[in-house]
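Below is one structure, written out as C-alpha cells; comments come after it.
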Amino acid sequence: MTAQPLQLGAVLYPGFEMLDYFGPLELFSVLGSSLININTVAEHSGPVAAAIGSEGAVGPKVIADYSFESAPAFDMLLVPGGSGTLTELENGAMLDFLRTQSETAQWMASVCTGSALLAKAGLLDGHRATSNKQLFAIASMQSDKVEWVEAARWVEDGKFFTSSGVSAGMDMSLAIIQKLWGDEAAEMAASYTEYTWHRDADNDPFAAELNVLAKQLGMV
C-alpha cells in the first residue's frame, strides 16, 4: 500500500441492506484515517433510505457525501445488496458509475446481491464470483460469462471480491484487510468489533439455501 490513505467509496441506493453496508464499513473504520478514508456516494448526494426486511419497507436514511457526477476516482468501491437491487439493475446511471470507477479502482467489492450489479455492468465477465444464496438467481441471471460459485462465503478473483449474503460481507472485508494490511490488522479489527471471523472462503453454511427465496418469489 502507498503512504496515502486508501479512498473507499461506499455506494448507496434506495433499498440497500444495512448490514451489507455498515458491517464492512465498521471493520474498515477500525483501521483509522491514516490507512483508509470512507466516502459515501449515491446517484444524488443527500439522504438515501435503507430497506427494512425482505419486503423492502423504507428504513432509516444515510447521507451520501458525493453524487455519481461529483465523486472522485476511488481506490476501492463497496457495493451492497438489498431489495433495491432490482430497481438499480435497470438504472443506467448506476451501471455507468460502476464501469467508470472500475477503470481506475484497485479493488471492487460487493456484498450479497451487489454482485448482480457488477455482473449487469459487465465487470465480472471472465471472473469467478458469488452472491446471496437465497437470491443467487438474481445475480447469476445477469451474465452467463461469469463463473458463478454456488458454495462460497466469499470469492476473490483479481481485483474483485464478492461475498455471499449480508454478514458474509464482514468475513470478506476482513480478508481484504488481511490482504492489504496484514494479519495483525485483520485480527485487530475482528477483536475490536468482537466478531468471530470465518476465515475459510469455501466454507459456506448457507449453500443449502440456494435460491430458496428466489423460488418463493417466482424468479426461478
Side-chain angles (χ1 to χ4, degrees), residues 7-22 24-25 38-105 107-127 129-132 134-146 148 159-166 169 213-214 217-220:
Q7 298 298 320
L8 169 61
V11 179
L12 289 163
Y13 56 84
F16 73 94
E17 178 67 36
M18 287 187 283
L19 188 57
D20 283 14
Y21 198 74
F22 291 112
L25 294 188
I38 297 172
N39 308 273
T40 56
V41 57
E43 183 174 359
H44 306 287
S45 59
V48 182
I52 295 182
S54 59
E55 74 278 6
V58 176
K61 296 178 176 63
V62 177
I63 301 298
D65 299 320
Y66 292 102
S67 67
F68 290 167
E69 184 176 352
S70 67
F74 296 114
D75 300 314
M76 181 189 299
L77 208 67
L78 175 70
V79 185
S83 61
T85 300
L86 291 177
T87 299
E88 294 305 310
L89 287 169
E90 305 305 321
N91 183 355
M94 169 65 79
L95 302 178
D96 286 344
F97 176 73
L98 297 178
R99 295 182 188 111
T100 297
Q101 287 289 325
S102 184
E103 290 177 0
T104 54
W107 309 102
M108 299 284 287
S110 69
V111 183
C112 193
T113 54
S115 60
L117 294 171
L118 295 181
K120 183 64 178 286
L123 300 176
L124 295 179
D125 288 356
H127 293 278
T130 195
S131 192
N132 181 305
Q134 294 191 36
L135 293 168
F136 199 82
I138 292 178
S140 61
M141 286 165 40
Q142 304 311 314
S143 176
D144 60 5
K145 298 178 181 179
V146 180
W148 291 105
K159 71 176 184 179
F160 295 97
F161 282 81
T162 57
S163 85
S164 187
V166 196
L213 185 53
L217 297 173
M219 293 179 177
V220 292

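Every heavy atom of this structure was used, including side-chain atoms; hydrogens, water molecules and symmetry mates were not. Everything numeric here is computed off the predicted structure, so don't read it as measured data.
Thr162 places a side-chain N or O within 3.5 Å of a backbone atom of Thr130 that can act as its donor or acceptor partner. Judged purely by atom type and a 3.5 angstrom limit, Asn39 uses its side chain to pair as donor or acceptor with the backbone of Leu8.
Minimum interatomic distance between Ala139 and Ala116 (heavy atoms only, all atoms of both residues): CA-CB, 3.6 Å. Contact between Pro14 and Glu88 at its shortest, heavy atoms only, is CD-OE2, 4.0 Å. The shortest heavy-atom contact between Leu123 and Leu98 is CD1-O, 3.6 Å. In terms of heavy-atom proximity, Val146 sits nearest to Ala119 at CG2-CB, 4.5 Å. Here the shortest heavy-atom pairing between Leu117 and Leu95 reads O-CD2, 3.8 Å. For the pair Asp20 and Cys112, the tightest heavy-atom approach, listed with the atom from each and the gap, is OD2-CB, 3.1 Å.
Applying the side-chain hydrogen bond (donor to acceptor under 3.5 Å, both in side chains) definition to pairs two or more places apart or across chains, those involving residues 108-117 are Thr85-Thr113, Ser115-Ser131.
Taken to the nearest 0.5 Å, the CE atom of Met108 stands 5.0 Å off from the CG atom of Leu118. Atom-to-atom distance recorded for His127:NE2 and Lys145:NZ is 12.5 Å, nearest 0.5 angstrom. In this structure, Ser70 OG and Asp65 CG are separated by 9.0 Å, a value rounded to the nearest 0.5 Å. Atom OG of Ser164 is separated from atom CD of Gln134 by 9.5 Å, given to the nearest 0.5 angstrom. Note: Met76 CE to Ile38 CD1 = 10.0 Å, rounded to the nearest 0.5 Å. Rounding to the nearest 0.5 angstrom, the gap separating the NZ atom in Lys120 from the CD1 atom in Ile138 is 12.0 Å.
For the pair Glu17/Ser83, no side-chain contact is recorded, criterion being any heavy-atom separation below 4.5 Å from C-beta on. Taking the side chain as every heavy atom from C-beta outward, Thr104 and Phe74 never approach each other to under 4.5 Å. Considering only heavy atoms from C-beta on, Leu124 stays 4.5 Å or farther from Ser143 through its side chain. Between Leu77 and Phe97, the closest side-chain pair of non-hydrogen atoms falls below 4.5 Å. No side-chain heavy atom of Pro47 sits less than 4.5 Å from a side-chain heavy atom of Val62. Tyr21 places a side-chain heavy atom less than 4.5 Å from the side chain of Leu12. The shortest side-chain heavy-atom distance between Tyr13 and Pro80 falls under the 4.5 Å cut-off. Asp75 is not listed as a side-chain neighbour of Trp107, based on a closest heavy-atom distance of 4.5 Å or more.
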